[in-house]
Student: 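Following this message is one structure expressed as structure tokens.
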Amino acid sequence: MDKTIEDHELETSDKQQAAKKSTLVSVAVNICLTISQVSAGLLSGSQGLIADGIHSLTDLVADFVVLFANQHSAKEADDDHHYGHQRYETAASLFLGVSLLAVGVGMLWKAGEKIIDPVPAGQIQIIALYVALGCLAAKELLFRYMLAVAERVRSSMLVANAWHARSDAASSLVVSVGIVGALFGYPILDSVGALVVGLMVAKTGWQFSWDALNDLMDRAVSVEEHQRIEEIIQSTAGVRGFHDLRTRKMGDMILVDVHIEVDANSSVQIGHDIALAARNQIMKELPVLNVMTHIDPI
């Protein structure tokens, strides 16, 4: 059965609902973690745990950005946006990527300062370690849940938000190591771990930012997807050849333009049916929003 407009609308609705549900779960988790981390940090005397709680609070901003983009990207095409609003997701991915990059750079800066000019740490209570480890487990579970949802609905925006959660898990790991180091008299472990995690977070943020920026500049699909589109067109009955195949990303969807060659003696109706068959098969097998075809008689 060919994929219809109703099929696309159903997929978009399912994707929107999945994104909303997973992001609301993230909001609830981040609120709980922020309260527990800041409270435990104040009670135990752990500045690292307080900072990690503030980090969890910043994740709420990312969650609300995702909710906003998820709501608006599902809007239908209008007079100002003839291809729809899917690029809200790409813009959100860019924002999340830049946020990750900023967090990573900030962690590197702070870690560098502590290594160059170490400050003696005060006595920290063991409860700080328990809370930090609990937050680490919660963030890792949240990451795995969000990533599974993102991959199921094929949303790059949700993938970026999931990795945002992973960056917070990494931050909790650094805090845990730092607390252990402080308890045993080696606070330098906090700074060394922060350097490693900061590099990882910054690298992930750069990758997401660069990918989103390229998509906003009409980057083509992957080589594998391009080859699959070529195979589908070439295998369509009545197609003599094709040229000028071009693709570009629209959020997590694809736009395709192609010139299809048909028998010059065919009627206009036959040429139209051949192009329509190729279009429908492409949209059935790949996440394609639209295929614009031009018929060339040969």
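The shown structure was predicted, so the numbers you read here are calculated from the model rather than taken from an experiment.
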Student: Grab the two heavy atoms, one from Gln37 and one from Cys135, that are nearest each other, plus how far apart they are.
Tutor: CG-SG, 3.3 Å

Student: Just by modelled atom types, is the Ser36 backbone N or O under 3.5 Å from a matching donor or acceptor in the Ser39 side chain?
Tutor: no

Student: Given side chain to side chain contact (heavy atoms under 4.5 Å, CB included), test Arg240 with Asp263 step by step and report yes or no.
Tutor: CA-CA 7 Å; Arg240 295 290 185 89; Asp263 187 349; 3.3 Å; yes

Student: In terms of hydrophobic clustering (I, L, V, M, F, W, Y; side-chain heavy atoms under 4.5 Å; direct or indirect links), are Leu158 and Phe95 co-clustered?
Tutor: yes

Student: For side chain to side chain contact (heavy atoms under 4.5 Å, CB included), just list the numbers for Thr23 and Phe64, CA-CA rounded to whole Å, side-chain angles, deciding distance to a tenth of an Å, and then say yes or no.
Tutor: CA-CA 8 Å; Thr23 306; Phe64 287 121; over 6 Å; no

Student: Please step through side chain to side chain contact (heavy atoms under 4.5 Å, CB included) for the pair Leu141 and Tyr145, ending with a clear verdict.
Tutor: CA-CA 6 Å; Leu141 290 173; Tyr145 163 70; over 6 Å; no

Student: With distance as the sole criterion, is a donor-acceptor pair present between the side chains of Gln281 and Glu285 under 3.5 Å?
Tutor: yes

Student: With hydrophobic residues grouped by side-chain heavy-atom distances under 4.5 Å, do Val25 and Val149 end up in a single group?
Tutor: yes

Student: If Ile, Leu, Val, Met, Phe, Trp and Tyr residues are connected whenever their side-chain heavy atoms lie under 4.5 Å apart, and connections chain through other members, are Ile126 and Leu133 in the same group?
Tutor: yes

Student: Using side chain to side chain contact (heavy atoms under 4.5 Å, CB included), reason through Thr247 and Glu225 one step at a time and then give a plain yes or no.
Tutor: CA-CA 10 Å; Thr247 61; Glu225 289 174 318; over 6 Å; no

Student: Taking Val262 as the starting point, is it possible to reach Val256 by hopping between hydrophobic residues whose side chains are less than 4.5 Å apart?
Tutor: yes

Student: Would you call Arg246 and Leu255 a side-chain contact if the rule is heavy atoms closer than 4.5 Å?
Tutor: no

Student: Provide the closest heavy-atom pair for Ser172 versus Ala132 in the form atom of the first, atom of the second, distance.
Tutor: CB-O, 4.1 Å

Student: Starting at CD1 of Ile282, measure out to CD1 of Ile233 and round the result to the nearest 0.5 Å.
Tutor: 4.0 Å

Student: Search all heavy atoms of Arg228 against all heavy atoms of Leu286 and return the closest pair with its distance.
Tutor: CG-CD1, 4.4 Å

Student: Quick one: does Lys139's side chain get under 4.5 Å of Asn30's, heavy atoms only?
Tutor: yes

Student: Could you name each residue pair satisfying ring pair (Phe, Tyr, Trp, His ring centres under 6.0 Å) that touches residues 255-283, not counting sequence neighbours?
Tutor: His243-His259, His259-His294

Student: Between Asp211 and Arg219, does at least one N-O distance fall below 4.0 Å, as a salt bridge requires?
Tutor: yes

Student: If Ile, Leu, Val, Met, Phe, Trp and Tyr residues are connected whenever their side-chain heavy atoms lie under 4.5 Å apart, and connections chain through other members, are Met292 and Val288 in the same group?
Tutor: no

Student: Quick one: does any side-chain atom of Ser235 pair with a main-chain N or O of Ile232 as donor and acceptor, under 3.5 Å?
Tutor: yes

Student: Using 0.5 Å steps for rounding, measure from the CD1 atom of Ile295 to the CD1 atom of Ile270.
Tutor: 12.0 Å

Student: In the structure I gave you, are the side-chain heavy atoms of Met283 and Val291 within less than 4.5 Å of one another anywhere?
Tutor: yes

Student: Do you know which two heavy atoms are closest between Ala220 and Lys249, and how far apart they sit?
Tutor: O-CG, 4.5 Å

Student: From Ile229 CD1 over to His226 NE2, what is the distance, rounded to the nearest 0.5 angstrom?
Tutor: 7.0 Å

Student: Hey, what do you get for CD (Gln269) to CG (Leu276), rounding to the nearest 0.5 Å?
Tutor: 9.5 Å

Student: Any idea which heavy atoms bring Val98 and Ser209 closest together, and the distance?
Tutor: N-OG, 3.0 Å

Student: Using every non-hydrogen atom in the two residues, find where Leu129 and Ser176 come nearest and quote the distance to one decimal.
Tutor: CD1-O, 3.8 Å

Student: Any luck finding a side-chain donor-acceptor pair between Asp63 and Ser26 under 3.5 Å?
Tutor: yes

Student: Quick check: do Asn214 and Met217 have side-chain heavy atoms less than 4.5 Å from each other?
Tutor: yes

Student: In chain order, what residues pass the side chain to side chain contact (heavy atoms under 4.5 Å, CB included) check against Trp109, with sequence neighbours excluded?
Tutor: Glu113

Student: About how many Å separate CG of Asp257 and CZ of Arg248, when rounded to the nearest 0.5 Å?
Tutor: 6.0 Å

Student: Quick one: pull up NZ in Lys203 and CZ in Phe208 and give me the separation to the nearest 0.5 Å.
Tutor: 10.5 Å

Student: Would the number of heavy atoms belonging to other residues, nucleotides or ligands and lying under 6.0 Å from CG of Leu213 be above 12?
Tutor: yes

